[in-house]
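The structure appears right after this line, and notes come after that.
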Amino acid sequence: MQALVYIRTDPGKALKLLDAVKKVQGVHVAFATTGRFDIVARIEATDLKALGETIVSKIQSLPGVRYTETSLIVA
């Protein structure tokens with residue numbers, strides 16, 4: 001199971017958080033972006049429960065993460 005996680009950070013924290021997001025187990029790739037979100041990450045997990053745990057426990061808990069939005073990849 002794969003998903004895109006769109007991350008909004010505290011001002012000025014995107015590049016520092018990008019390194020932390022890339023180190024999260026399950027994150028396949030992550031990029032700093034412009035626009036509504038500061039970071040976009042593609043994550044992989046074995047099932048929906050593991051996906052949720054990665055997002056809530058590992059990404060949302062990083063200091064400086066303000067908000068996340070997740071889109072499941074269906075194809």
Side-chain angles (χ1 to χ4, degrees):
M1 169 168 272
Q2 298 180 44
L4 295 175
V5 181
Y6 304 94
I7 304 165
R8 189 174 299 156
T9 69
D10 289 338
K13 301 292 183 185
L15 295 179
K16 183 177 179 181
L17 272 170
L18 178 61
D19 290 335
V21 169
K22 286 180 175 181
K23 293 177 184 174
V24 170
Q25 185 176 1
V27 172
H28 197 264
V29 65
F31 302 96
T33 60
T34 61
R36 183 174 166 200
F37 296 98
D38 302 303
I39 298 170
V40 176
R42 182 168 61 107
I43 63 174
E44 297 182 11
T46 55
D47 56 30
L48 189 58
K49 181 178 179 184
L51 186 73
E53 289 174 359
T54 298
I55 295 165
V56 174
S57 298
K58 297 178 182 174
I59 294 176
Q60 289 180 348
S61 66
L62 292 171
V65 172
R66 281 190 163 192
Y67 172 84
T68 65
E69 187 172 315
T70 303
S71 296
L72 296 178
I73 296 173
V74 296

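- Both Tyr6 and Tyr67 are assigned to one and the same hydrophobic cluster, defined by single-linkage of ILVMFWY side chains at heavy-atom distances under 4.5 Å.
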For residues 47-55, tabulate all N or O donor-acceptor pairs below 3.5 Å that involve a side-chain atom, not counting sequence neighbours.
residue : atom : partner : partner atom : Å
Asp47   : OD1  : Lys49   : N            : 3.3
Asp47   : OD1  : Ala50   : N            : 2.8
Thr54   : OG1  : Ala50   : O            : 3.0

Could you list the donor-acceptor pairs under 3.5 angstrom formed by side chains in residues 15-37, with sequence neighbours left out?
residue : atom : partner : partner atom : Å
His28   : ND1  : Arg42   : NH2          : 2.6
Thr33   : OG1  : Phe37   : O            : 2.8
Arg36   : NH2  : Glu69   : OE1          : 3.2

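- Under the 4.5 Å side-chain heavy-atom criterion for grouping Ile, Leu, Val, Met, Phe, Trp and Tyr, Leu62 is connected to Val5 within one hydrophobic cluster.
- Distance check: Gln2 CD to Leu72 CG gives 10.5 Å after rounding to the nearest 0.5 Å.
- Placement of Val40 and Ile73 within a single hydrophobic cluster is found when ILVMFWY residues are connected by side-chain heavy-atom separations under 4.5 Å, directly or transitively.
- In this structure a side-chain-to-backbone donor-acceptor pair under 3.5 Å is present from Asp38 to Thr9.
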